[in-house]
Amino acid sequence: MNRPTLWGQFMVSGGVGQTPLLPMARQALAEGRQVTYVHAALDAEHHAFADALDTLEATYPDALRTLTVYENDDGADHRGWIDHALLATCLPASARCYFVGPHGFMETVNRELSQLGVPDTHRHYEYFGPARTLTAA
């Protein structure tokens, strides 16, 4: 199967925001699309579905790039928070961006993606609670 040269799906989850994004990543990979997947958690102990992401990495080593971010632990690819600088280093050109997590997390990701030039039509998010509007900038 020929794979696209661009990493066209960019997924960012915070905490249990992985719940809807992992099946989306699995589907995109099964369809031959390339995925960049960034996940933020407090630490390794609170990294939900880490084994599921490891399985996807093993199954699609040439199509999936992952980055873990732990706020309180050095066991991740990056320690701290997802911010403008981090997103700028891993955001694929012309990517469709999907992000799910706590409201403040989604506001930050939405604002930073907007500042990085990702158009509204390429930013998609989902709430796990009462819906509120995100401010883009």
- Check Pro102 against Gly14 and note the closest heavy-atom contact, atom names and distance. CD-O, 3.8 Å
- Message: For Asp77, give me all partners under side-chain contact (heavy atoms from CB on, under 4.5 Å), at least two apart in sequence or on another chain.
- Response: Leu67, Thr68
- Can you check whether Tyr37 reaches Gln9 side chain to side chain, under 4.5 Å on heavy atoms? no
- Query: Got Thr59 and Leu29 here, is their nearest side-chain heavy-atom distance under 4.5 Å?
  - Reply: no
- Minimal heavy-atom distance between Arg123 and Asn110, with the atoms involved, is NH1-OD1, 2.8 Å
- Item | By side-chain contact (heavy atoms from CB on, under 4.5 Å) - contacts of Ala44 (at least two apart) | Tyr70, Asp73
- Are Pro20 and Glu126 side-chain neighbours, meaning at least one heavy-atom pair lies under 4.5 Å? yes
- Query: Quick one: ring pair (Phe, Tyr, Trp, His ring centres under 6.0 Å) partners of His124, sequence neighbours excluded?
  - Reply: Tyr98
- Do Tyr125 and Val100 come close enough that some side-chain heavy atom pair is under 4.5 Å? no
- Residues Thr108 and Ile82: closest non-hydrogen pair is CG2-O, 3.9 Å
- Can you tell me which residue pairs pass the side-chain hydrogen bond (donor to acceptor under 3.5 Å, both in side chains) test with a partner in residues 78-87, sequence neighbours excluded? Asp74-Arg79, His84-Glu112
- Message: Test of understanding: with side chain to side chain donor-acceptor pair (under 3.5 Å), list the residues that count as partners of Glu71, not counting sequence neighbours.
- Response: none
- Any side-chain heavy-atom pair of Ser13 and Thr19 under 4.5 Å: no
- Item | Chi angles and distances behind the side chain to side chain contact (heavy atoms under 4.5 Å, CB included) call for Met11, Val35 | CA-CA 7 Å; Met11 299 181 179; Val35 174; 4.3 Å; yes
- Taking the side chain as every heavy atom from C-beta outward, state whether Val38 and Phe10 have any atom pair closer than 4.5 Å. yes
- Any chain of hydrophobic side-chain contacts (each under 4.5 Å) joining Phe105 to Leu42? no
- Could I get the full list of side-chain contact (heavy atoms from CB on, under 4.5 Å) partners for Glu57, not counting sequence neighbours? Asp54, Leu64, Thr66
- Considering all heavy atoms, the nearest Leu113-Cys97 contact: CD1-CB, 3.8 Å
- Query: Going by heavy atoms in the side chains, are Leu22 and Leu56 under 4.5 Å from each other?
  - Reply: yes
- Report yes if some heavy atom in the side chain of Leu21 is under 4.5 Å from a heavy atom in the side chain of Met24; otherwise report no. yes
- Contact summary for Arg65 and Pro92, nearest pair of heavy atoms: NH2-CG, 4.2 Å
